[in-house]
Amino acid sequence: MKAAPRFFSVFFVSTLVGLLLYVPARIAVPWLAQSSCDTAGYRQHAFLSNCLNEYFGDYEHGAYYYQLEPEAIEALRKAEVLFLGNSRSQFAFSSDVTAEFFAKQGIPYYLLGFAYVQTSEFPLRLIKRLALHPKLLVINADPFFSHIFKGPAQQVVDGSASARFDYTLKRWFQSIHPALCRSLPRLCQPKQATIYRDMRDGRWLWLSTFSDDKSLPISEPIAIPQRLIDDAISVGRDFINQIGIDKACVVLTGIPTRVSSAEAATQIAQALGVKYIEPSLSGLETIDGEHLNVESANRWSRAFLPQLQDTIRHCLFPLAAPDRAQ
Amino acid sequence: MLFNSLPFIVVFLPISLFGFFYLARFGQVFALAWLTLASLVFYGWDDPGRLIPIILGSAVFNFIVARALLHRCAVWLLALGIVGDLLYLGYFKYVDFFAHTITWLTGIELPPSNITLPIGISFFTFTQIAFLVDSYRRSAREYHPVNYGLFVTFFPHLIAGPIIHHAEIMPQFEQKKTFTFDPAATQIALLWFVAGLFKKVMIADSIAPVVATVFDTSKSVNAIKFLDGWIGATGYGLQLYFDFSGYSDMAIGLALMFGIAFPLNFNSPYKAHSIIDFWRRWNMTLSRFLRDYLYIPLGGNRNGPIRRYVNIMVTMLLGGLWHGASWNFVIWGALHGAALVANHHFDVERSARDRPIASLCGTLAFVMIAWVPFRAENLHSVLVMWQAMFGLSGFSPRSLFAVTQPLALAAAGAALGAALFLPNTAEIIENLDSHILPRMAAGAGLLFGMIVGAIALHAPTEFLYFRF
């Protein structure tokens, strides 16, 4: 064999071997490293949504956008009321009170908020992609409406092969994660803050440091610059037009947090000509200065939802008998 | 298009190579035209409607001026060519810089131009200025338009150098052996390419997270302490070296696949014993350009030491500004200029021979300190980093980032060891024995496969020198 052909054949075969070695290593390393996500939340109708582990991080964006969780997608498609916003709205409405309120009336609802820097851009794309037709939108406008688009949302929508592969791996990981931690418990220590998500209604189920019984007051408010509010009004108009929903069936709120969201949300609601609901509550507490704790989330939901009743009646049962709409 | 992307490796490169050697059977001009066309596709990949006219406009302008200079040696023609090139470069690269500076000095608000910098413009402008100057000096000759077009656009050097010289490249476009596929040269070319890919994907990109964390923190918070300051600056020095020398290695390998030999651009710069020595080893083709077309025309060392030092400072300040339209780069150039002046004045090279370890450590420390403005986004960040590195922000025995990014830190440590103690790519390849080639093929192939796997699953990252 001549030197050059031998060189090229060895190079070619080694390249194939390198490729074959890389792929399992690429799967194994993150799988082992992300085991410290808390396994306590696995249950029949829930998936691991977020975990403060650098290898796992976000799953929920890909789970919905790539339709990796069919049960969640099916429930989302059936939902007549959608709650949109960020982690603050997820914490505020992920309560038993919310679940009971809608269950009593037989209304399918879905909490479609997401973690990270969350704006209207990702939910808008998701609603279009899944061809959702909600009858009522409840939006935490703090200020929410913005074209800013980054983090996992952007990564998922960009849709590179790498992103799809990573999210698919995270789905597979969840099927072996509990067994892995039972067999090798040391691999799963220390447990990191983890959020699971109920596929049936999108509510967050938070664990580890998130679930500690913390009662911190809401941090000193930070004013939202007027420029951002003006932008939000413009983006909000476009958002409502693109969704194609009656303005009377869009409700804005401003969940108490360290940004002065109520002020911004009121202004945006007035400019958009939509309803604004903000229950008057004092003494709300949080787990970290921004996100309502379980008790305050229940108080918030209990005060908020009755005020939504008229709009539910108008948008979901315009012609129905009064008893169903009660 | 990026060298470290799948479309380039799997589609563009094989098609370009096949087309080149196939068309060479029908005539060299067809092969050269094909390669020019392929290079334009490479350059215009992301925005062909904008980028291709920009490079073609520059090439046509310089070709016409150079041709006129070869027929009529007039200084005004040379001035027209150089001023035209500098205005072209200035329009795309420096308009906002000058506008910001005017605003800063006078308070007059000037609107931003929103001009996006076309990649590689600094490189192909310098390449062509050298050609104009040599045409005026009668040390260039007239070439076929296709050859000139390929000289400017040849994709391996187009985006980030090396800054090639017409006298070493253009004659190769006329040699018969360039157009004959040479398996022995291709073996070596593959080794160069894989070495560069490894430096970029496995080393530079692995160090990047720790560097980004330190410099991002330095923008807003005074949380950087002595150890982390040095980790950030040294990490960046290593990231830049492995990124840029990786690109240069790939460029050398790619050119060699087409039968073209490129000049070396790096020679283990962190092994330098003085700043003079550093500039003989770092971005060698840029140093050569600055020496031949700026420093020497300014007078070089011909008019006494004071004038020599002024020439050095002017050369390094402009060299800094060439890297980017920001005062940070001017500061970086000024630091290196001052260090070069000091090196010459105190004859540091002679004393370095007596104290090799101290001179190596001193040079390395200075270079790392000087990289801070090169990487930092603003002057505040530069000051935060320098305060930390000089111990003015306090000492902490633990690194803030070592805990959160141990893998990136380990990669930086390994990279520092490699940069200081291992031979560079050229030394390894020059000393290759033919009987170890199969083993090299196995090792390089294995690495190549793993890197292709990594590229396939992660979006490729840009090379740092693309922004210059």
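Throughout, a chain's letter reflects where its sequence line sits, starting with A, and its residues are numbered from 1. Quick note: numbers below take in every heavy atom, side chains included, and nothing from hydrogens, waters or symmetry partners.
The OH atom of Y22(A) sits 12.5 Å away from atom CG of L447(B), with the distance rounded to the nearest 0.5 Å.
Taking the side chain as every heavy atom from C-beta outward, T186(B) and F7(A) never approach each other to under 4.5 Å. Between M440(B) and F11(A) the shortest side-chain heavy-atom distance does not fall below 4.5 Å.
For L21(A), the part lying near chain B is the side chain, with the backbone staying farther off; criterion is any non-hydrogen pair under 4.5 Å. Looking at L190(B), only its side chain comes within 4.5 Å of chain A, counting heavy atoms on both sides. If you measure heavy-atom distances from L191(B) to chain A, the contacts under 4.5 Å come from the side chain alone.
Among residue pairs with one or both ends in residues 245-254 of chain B, those qualifying as salt bridge (Lys or Arg N to Asp or Glu O under 4.0 Å) are K199(B)-D249(B); sequence neighbours excluded.
When all heavy atoms are compared, the tightest approach of M450(B) to G18(A) is CG-O, 3.3 Å. When every heavy atom of S14(A) is checked against every heavy atom of A441(B), the shortest pair comes out as OG-O, 4.1 Å.
Residues that satisfy the ring pair (Phe, Tyr, Trp, His ring centres under 6.0 Å) test with Y42(A), not counting sequence neighbours, are H177(A), Y196(A).
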